[in-house]
Amino acid sequence: MTETLLEVRDLGVEFRTPGRTVTAVRGASFTLDKGETLALVGESGSGKSVTALSIPQLLPYPLAHHPTGSIRFAGREMIGADERTLRSIRGDRVTMVFQEPMTSLNPLHHVERQITEVLQLHKGLSGPAARARVLELLQLVGIRDAEKRLGAYPHELSGGQRQRVMIAMALANEPDLFIADEPTTALDVTIQAQILKLVNELQRRFGMAILFITHDLTIVRKIADRVCVMTSGEIVEQGPVEDVFDRPQHEYTKRLLAAQPKGRPDRPLESTPLLTGSDIKVYFPIKAGLLRRTVDHVKAVDGVSIELASGRTVGVVGESGSGKTTLGLALLRLIKSTGSIRFAGEELQGKDAGTLRPLRRQMQVVFQDPFASLSPRLSIGQIVAEGLSIHKLGGTPAEREKLIVAALEEVGLDPESRHRYPHEFSGGQRQRVAIARAMVLKPRFVVLDEPTSALDVSVQAQIVDLLRALQARHGLAYMFISHDLRVVRALADAVIVLRNGKVVEQGPTERIFAAPREDYTKALIAAAFELETAREGVTAT
């Protein structure tokens, strides 16, 4: 018989600000048994993280408060518990791992110190005993050469390694409840698969319960026993994963499950190239010694060739550090490279900044994180107008205003929003602003650097549809950089697979996905489509 570890009943969460009260969660109820995994899914702003943070009482009290509800952990009421009780539970019996480990880890402390802190606080371990436990934990979460990593700082680790360190810290005291808040969203598909496999193995080993927060429904199928679907602060549906996914009852759940990038490019591949890159190389020097002499090079891009026609999309895939973004920046002549880059028949290498400027408006880029790429000090109208001012387009202020309005309307934004600022918009709306900023210049070639990876699944589908419509309308050539192979398959005519700066495999999208030739490509595709393939096999049976 299973034993209930966590019981949440009629939970309400409000945030009080001067003159206003915001309701973030209303009437949320669920239970979690020992050793069970419960997924909490929904779009940004649905109340998932606020619900999770309420369990160990980590919300900004008294700004936050609970007008209703009860949270009982191991029979003990958490709401209203004294600080001593909460401190004995937090980081010991209940632990959390967040989406972006770089912001969760202290940049000034090395790995050993950060994990040791947890052990000292709850177990009183220090010295050789603490170091031995830290090494054991790092090895447990799959950090290679663990002893060499003890003195490493967060910036010296990859995204996957940083997340493993966070998991090691969370598991240091063998918790009863492990809360994972979007722990794989920022990771490559193969690293995602490794982290999920690791969490499953650790759960079996320690028998802990997991509350897994995500907007990626594929992950829910892979890891969870039960699922709660949240929207607008309410749990609208819950039950076993198979029941909810195969027989959804609520309209929101049905819409969420249907919100996957759909369709395939269906057009002839033969066309005159707009952009051609031949034997592109980007090497970064490694300097050492008192005189800082170059002793070696990091070969970020090593002999890559690419061809792209108007109205076509080339998808560039690979793990972090494979050279995807560096290749895009090289083609835009934003970083130095060797090799030939021809745009509209004109060689770009060797041209100075002044000669390149007229071509710049025809070559644009949209980045992964729209909040980081939009100036918080400029209004939306000023952000979109920046390129027009630089390239002296639009004539009079009134004519320029017309172009801004048209660009915002084209990407599905209310033109009146041009008077507002980036922080007033959702992630999907901010990405539309970033796309409008590029589109207002009427480009011919756009580098899309992970433009959907930070977005909810339903917003991803909307952005993919928007990009597809803009491409059809203007004959745009896209270089689409992504670790989400489902989105790449929906958008790209051809695919380039990169690893360590080199091309592993390239060719038409359907051929790459249907019959990959290289083991690395097969591993990427298997990690991305494992569940989809399994589900199709069950259906066929």
Side-chain angles (χ1 to χ4, degrees), residues 1-14 23-42 46-59 64 66-81 85-86 88-97 170-171 174-183 199-200 202-204 206-215 217 219-250 252-253 256:
M1 185 177 174
T2 55
E3 184 181 343
T4 299
L5 178 69
L6 176 70
E7 186 176 12
V8 177
R9 291 290 172 218
D10 193 30
L11 177 67
V13 182
E14 292 180 349
T23 300
V25 178
R26 56 172 71 84
S29 297
F30 60 88
T31 60
L32 180 58
D33 293 339
K34 287 187 175 180
E36 183 187 32
T37 300
L38 175 68
L40 209 51
V41 305
S46 61
K48 308 185 301 291
S49 295
V50 172
T51 299
L53 289 166
S54 299
I55 296 165
Q57 296 287 280
L58 289 175
L59 292 173
H66 302 287
T68 61
S70 165
I71 300 172
R72 297 189 71 81
F73 172 76
R76 186 180 295 177
E77 180 60 53
M78 300 295 285
I79 294 177
T85 300
L86 293 174
S88 69
I89 291 173
R90 295 173 184 154
D92 186 24
R93 299 192 67 187
V94 177
T95 57
M96 285 192 78
V97 169
L171 296 177
E174 299 182 14
D176 297 310
L177 173 60
F178 177 69
I179 302 173
D181 190 356
E182 300 273 14
V199 169
N200 266 326
L202 294 172
Q203 181 182 34
R204 285 196 296 271
F206 296 118
M208 61 189 178
I210 297 176
L211 181 62
F212 201 97
I213 301 162
T214 185
H215 65 251
L217 302 178
I219 289 176
V220 176
R221 275 194 175 274
K222 183 176 289 189
I223 200 167
D225 302 302
R226 291 188 301 115
V227 59
C228 292
V229 182
M230 287 195 81
T231 182
S232 302
E234 295 184 67
I235 295 175
V236 294
E237 189 164 355
Q238 62 178 294
V241 170
E242 291 76 13
D243 289 353
V244 173
F245 276 43
D246 295 339
R247 293 174 294 280
Q249 302 299 308
H250 198 276
Y252 177 76
T253 311
L256 205 60

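Sequence positions, counted from 1, serve as the residue numbers for this chain.
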On a heavy-atom basis, the closest approach of F178 and A170 is CE1-CB, 3.5 Å
Test side chain to side chain contact (heavy atoms under 4.5 Å, CB included) applied to M96 and L58, step by step: CA-CA 11 Å; M96 285 192 78; L58 289 175; 4.1 Å; yes
When every non-hydrogen atom of I79 is compared with those of G69, the smallest separation belongs to CD1-O, 3.8 Å
Discussion item. Run V227 and F245 through side chain to side chain contact (heavy atoms under 4.5 Å, CB included) and show every step you take.
Written reply: CA-CA 9 Å; V227 59; F245 276 43; 4.3 Å; yes
Lys/Arg N to Asp/Glu carboxylate O, R72 vs E7, below 4.0 Å: no
Review point. Sub-3.5 Å donor-acceptor pair from the side chain of H66 to the main-chain atoms of V13, do we have one?
Key: no
When rounded to the nearest 0.5 Å, the distance separating CD1 of I235 from NE2 of H250 is 12.0 Å
d(L38 CG, D225 CG) to nearest 0.5 Å is 8.5 Å
Closest non-hydrogen contact found for A52 with L211 is CB-CD2, 4.2 Å
Here the gap from L40 atom CG to E182 atom CD, rounded to the nearest 0.5 Å, amounts to 10.0 Å
Q) When you measure from the side chain of Q57 to the backbone N and O of S54, does any donor-acceptor pair fall under 3.5 Å? A) yes
**Prompt:** Does M230 offer a backbone N or O that forms a donor-acceptor pair with the side chain of K48 under 3.5 Å?
**Reply:** no
Under-4.0 Å salt bridge between D246 and R221: yes
CD1 (I89) and OG1 (T95) are apart, to the nearest 0.5 Å, by 12.5 Å
ask   = Counting only N and O atoms by type, is there a donor-acceptor contact under 3.5 Å from the side chain of E237 to the main-chain atoms of Q249?
value = yes
(message) Donor-acceptor check, side chain of Q203 to backbone of M208, threshold 3.5 angstrom: yes or no?
(response) yes
Closest non-hydrogen contact found for P56 with R90 is O-NE, 2.7 Å
Steps toward side chain to side chain contact (heavy atoms under 4.5 Å, CB included) verdict (V50, L59): CA-CA 7 Å; V50 172; L59 292 173; 4.2 Å; yes
Shortest non-hydrogen pair, L256 vs L217, comes out as O-CD1, 3.4 Å
Here the pair of heavy atoms bringing S88 nearest to R76 is OG-NH1, 4.2 Å
To the nearest 0.5 Å, atom CZ of F73 lies from atom CZ of R93 at 4.5 Å
Value for NZ (K34) from OG1 (T4), rounded to nearest 0.5 Å, stands at 10.0 Å
| message | Contact between P175 and F206 at the side-chain level, heavy atoms closer than 4.5 Å - yes or no? | response | no
Judged by atom type as modelled, is there a donor-acceptor pair below 3.5 Å linking the side chain of S29 to the main-chain atoms of D10?
yes
Q: Start with the C-alpha distance between M78 and L86, add both sets of side-chain angles, then the distance that settles side chain to side chain contact (heavy atoms under 4.5 Å, CB included), and finish with yes or no.
A: CA-CA 7 Å; M78 300 295 285; L86 293 174; 3.7 Å; yes
From the list I71, D176, T31, I179, side-chain contact (heavy atoms from CB on, under 4.5 Å) with L6 holds only for I71
